[in-house]
Amino acid sequence: MDQEAAAGQDAEAPLMYRIERPVYDEAFIRTSLLKRKENSSTLRQRLADKIQCSSQRAKAVALGCLPILTWLPNYPVKQYLLSDVVSGLSTSVVQLPQGLAYAMLAAVPPIHGLYSSFYPVLLYTFFGTSRHISIGTFAVISLMIGGVVVREAPDSMFYIHPVNGSNVSNASTVLDVNVMARDARRVQVAVALTMLVGIIQMVLGLLRFGFVAIYLTEPLVRGFTTAAAVHVVISQLKYLLGVKTQRFSGPLSAIFSVKAVLSDITSTNVTTLLLGLASIVFLYGIKDINERFKKKLPIPIPGEIIIVIVSTGVSYGMSLSDGYMVDVVGKIQTGLLPPVAPDFSLLPDLVTDSFAVAIVGFSMGISLAKIFALKHGYSVDGNQELIAFGLCNFISSFFQTFAITCSMSRSLVQESTGGKTQIAGLLASLMVLLVVVAIGFVFQPLPQTALAAIIMVNLLGMFKQFRDIPVLWRTSKIELAIWLVAFVASVLLGLDYGLLVAIAFAIATVIYRTQSPQSSVLGHVPDTGLYCDVDEYEEAAEQEGIKIFHCNSSIYFANCDLYVNALKEKTGVNPACIQAARKSPCKLRDKTSSNHSSPLKICAKLEDEAVTHEVLAQNHEAVEEHKNGEAAVFLQRHGSVHSLVLDWTPVSFIDSVGAKAVKQVIKEYAAVDVRVVIAGCNRVLLRELDTLQFFSGNVSAETLFPTVHDAVLHCRHRGGETVA
């Protein structure tokens with residue numbers, strides 16, 4: 001029992017931290033404690049190690065380039081195949097209508113949406129590292145492509161007035177020919193853009209630039225995609241209402257589009273509107289049922305494919321196109337096209353847009369891939385994902401596709417229906433191939449308003465992102481500003497310029513944070529080695545004669561002056577004021593000599609308070625003594641500070657401008673007998689300081705300490721205080 005009680009007491013006793021050692025400074029550490037490893041290998045040896053070929057390295061390269069080889073040889077057929085088949089079929093019934101619908105957003109004929117739902121998915125199966133995302137068309141990317149396509153091939157380029165004397169039928173024939181020419185030109189633009197996007201993504205992947213997605217922070221992406229959802233809904237209003245309006249692109253295109261629809265709203269096709277509204281209500285109801293009963297339903301109810309089949313049957317049976325002037329998909333080419341090289345003459349005008357599409361597409365793909373990888377316990381390679389996306393876009397562009405990424409809605413379907421690997425995506429693409437090769441003509445009577453309804457309902461999840469605003473208001477005002485700037489800029493300026501503005505603003509917030517750091521004076525918590533803000537914690541007490549300055553920022557050209565000013569203001573120790581105070585007795589004698597009867601008031605900012613001394617010429621003898629120099633006026637510093645400790649624990653880097661500013665302020669303090677020491681430097685920062693030749697003049701390695709406590713003990717000893 002006694003042993004158990006003793007064991008229980010030992011278990012409850014806190015772990016003790018006991019250490020006794022001399023105070024370390026950097027000079028002692030370098031000479032006695034640490035010794036750098038010498039790199040004996042030559043440059044030639046290092047290059048040989050990098051480029052040498054071995055069976056293991058060849059295998060690693062092959063597995064890196066073709067990730068399918070890491071899981072396909074060990075594919076458990078009995079456990080995974082049925083789940084992947086069910087998931088693939090479920091995903092295909094969503095991928096098919098979305099391919100047709102998002103082609104409208106990209107301003108190209110519907111068949112190209114089906115091409116984009118087949119070729120890239122097939123390629124990603126071999127080169128991608130995620131096992132659950134669904135590659136193919138996506139609303140935001142399709143809309144960005146559509147904006148570029150309409151800008152480069154607007155309707156005005158293909159409209160030709162009928163010649164004099166031609167009848168209406170001839171004019172109609174001329175217009176039909178020009179629509180075909182317009183669509184052909186738009187496909188060329190979309191294909192060229194897609195090829196350039198693929199090249200950019202592959203190059204970034206080969207250069208190991210997979211980290212670029214970190215610059216698209218979550219608030220930025222969510223604000224941007226919400227704005228994209230607004231653009232998409234506005235672009236679909238004319239299809240929902242059945243009105244004929246021009247498609248706009250560029251800044252303020254959303255406003256122009258709404259204005260055009262409202263100005264022509266009196267020509268709304270009632271049949272089109274009713275069919276579209278009925279489709280929206282049905283799809284919303286199906287999505288609500290799928291969400292409410294997702295645990296009970298073996299697979300989600302395929303609302304999109306039901307709408308496509310039913311609306312196509314109604315349109316064909318009631319001749320909605322001829323009898324009620326309802327716009328339909330129209331001719332869908334059957335079969336696959338032979339590979340054709342893109343029009344390279346278009347590339348110079350598409351470079352900026354290609355970067356925007358490439359970065360946004362990759363960012364959305366990798367973010368969703370990481371979510372599923374974390375959930376299912378595997379990893380994804382950002383650089384390989386970039387290469388995979390690039391290959392999908394580049395190779396597929398020769399087969400008349402437009403740029404792709406992963407779709408959130410399809411990926412959720414693929415994962416929630418039991419998909420285990422990209423075999424599910426492969427089967428979904430084969431179902432799309434079946435439609436393209438054999439039964440594509442069946443969907444020719446499909447009303448465009450039904451596709452508009454599918455697009456709008458699929459964007460409901462993005463509009464729920466408006467809920468971020470109150471959450472960010474409570475948690476981070478800066479992230480809220482990024483969200484709002486991304487949203488407003490993308491709505492007003494368009495998705496391309498809006499994205500650039502949002503990224504620039506996000507980077508500006510980083511600069512703002514480094515130029516507005518939090519600074520404080522630290523105090524020692526008794527009986528510990530801890531130092532905390534004296535303004536925030538009652539237990540923290542300042543050391544007599546020592547000021548410890550803490551600033552949570554690195555020191556570089558943009559904020560070094562702010563750092564120095566904050567140091568002088570927070571500690572209250574200003575070298576200029578101390579110098580002025582030392583010179584004040586001489587000034588006082590001169591002023592007293594010129595005015596015997598006036599009282600003198602001398603103010604000097606010393607530490608945190610203005611010390612005022614009045615010298616009254618009370619009698620003639622005192623004045624005479626002062627004139628003869630027999631009396632002197634001295635200013636005594638209240639609570640004299642002999643040492644400053646700069647806590648550099650949070651400093652991650654310093655540049656030459658920052659180093660010069662710190663050395664200058666150390667020199668200024670040395671001139672007034674205040675010693676400045678530095679504590680808490682990490683070894684990487686020390687290497688930078690050595691490179692910048694920081695340790696010279698007034699600064700030596702003896703003024704650098706590994707911890708704040710080392711620095712404080714040293715300063716106390718130097719100040720004549722007995723240190724236990």
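Note that the structure is predicted; figures quoted are calculated from it, not measured. Values reported hereafter were calculated over all heavy atoms of this structure, with side chains retained and with hydrogens, waters and symmetry mates removed.
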Residue pair Thr417 / Ser87, side-chain donor-acceptor N/O under 3.5 Å: yes
Any His550 side-chain heavy atom under 4.5 Å of Pro650 side chain: yes
Set of side chain to side chain contact (heavy atoms under 4.5 Å, CB included) partners for Asp264, sequence neighbours left out: Val243, Thr245, Ser267
Under the ring-ring contact (aromatic ring centres under 6.0 Å, His included) test, residues paired with Tyr239 that sit two or more places apart: none
Any Ile404 side-chain heavy atom under 4.5 Å of Ile141 side chain: no
Heavy atoms of other groups near Phe282 CZ, more than 12 under 6.0 Å: yes
Between Thr129 and Gln384, a side-chain donor and acceptor under 3.5 Å: no
Minimum-distance pair of heavy atoms, taken over all atoms of Leu446 and Ala450: CD1-CB, 4.3 Å
Under the ring-ring contact (aromatic ring centres under 6.0 Å, His included) test, residues paired with Phe653 that sit two or more places apart: Tyr556
Inter- and intrachain pairs under salt bridge (Lys or Arg N to Asp or Glu O under 4.0 Å), touching residues 186-200, at least two apart: Asp155-Arg186
is_close_aromatic(Phe362, Phe209), centroid dist under 6.0 Å: no
Within residues 132-143 or reaching into it, pairs that qualify as side-chain hydrogen bond (donor to acceptor under 3.5 Å, both in side chains) - sequence neighbours excluded: His132-Tyr378, Ser134-Arg410
Test item: Asp183 side-chain N/O and Pro109 main-chain N/O as donor-acceptor pair under 3.5 Å: no
Donor-acceptor pair, side chain of Asp353 and main chain of Val148, under 3.5 angstrom: no
Least distance between heavy atoms, Ala661 atom then Cys560 atom: CB-CB, 3.9 Å
Donor-acceptor pairs under 3.5 angstrom involving side-chain atoms of residues 455-466: please list them, not counting sequence neighbours.
| residue | atom | partner | partner atom | Å |
| --- | --- | --- | --- | --- |
| Asn458 | OD1 | Lys287 | NZ | 3.3 |
| Asn458 | ND2 | Ile454 | O | 3.0 |
| Gln465 | NE2 | Arg222 | O | 3.0 |
| Gln465 | NE2 | Thr225 | OG1 | 3.0 |
| Gln465 | NE2 | Thr226 | OG1 | 2.7 |
| Gln465 | NE2 | Met462 | O | 3.4 |

Nearest heavy atoms of Pro251 and Phe256, plus distance in Å: O-CE1, 4.0 Å
Less than 3.5 Å apart, which donor and acceptor atoms pair up between the side chains of residues 477-487 and the rest of the protein, not counting sequence neighbours?
| residue | atom | partner | partner atom | Å |
| --- | --- | --- | --- | --- |
| Lys477 | NZ | Trp473 | O | 2.8 |
| Trp483 | NE1 | Asp468 | OD2 | 3.3 |

Test item: Phe372 and Arg131 side chains (from C-beta on) under 4.5 Å apart, heavy atoms: no
Exam field: side chain Ser490 to backbone Leu495, donor-acceptor pair closer than 3.5 Å: no
Contacts of type side chain to side chain contact (heavy atoms under 4.5 Å, CB included), residue Val281, not counting sequence neighbours: none
Shortest non-hydrogen contact from Met202 toward Ile387: CG-O, 4.0 Å
For Ile286 against Ile301, the heavy-atom pair lying closest together: CG2-O, 3.6 Å
Over all atoms of both residues, closest heavy-atom pair of Val121 and Gly425: CG1-O, 3.1 Å
Results of ring-ring contact (aromatic ring centres under 6.0 Å, His included) for Phe505 - residues two or more places apart only: none
Residue pair Thr449 / Thr272, side-chain donor-acceptor N/O under 3.5 Å: no
Residues which pass side chain to side chain contact (heavy atoms under 4.5 Å, CB included) with Asp533, listed by chain and number, not counting sequence neighbours: Ser520, Asp535, Glu536
Any donor-acceptor pair under 3.5 Å from Ser411 side chain to Ile133 backbone: no
From Asn290 atom CG to Leu412 atom CG, the distance as rounded to the nearest 0.5 Å: 12.0 Å
Main-chain N/O of Phe389 paired with Asn393 side-chain donor or acceptor, under 3.5 Å: yes
Any residue meeting ring-ring contact (aromatic ring centres under 6.0 Å, His included) with Phe355, in chain and number order, not counting sequence neighbours: none
Side chain to side chain contact (heavy atoms under 4.5 Å, CB included) partners of Leu347, counting only residues at least two apart: Ala192, Met195, Leu196, Phe344
Gln201 side chain reached by Ile359 side chain, heavy atoms, under 4.5 Å: no
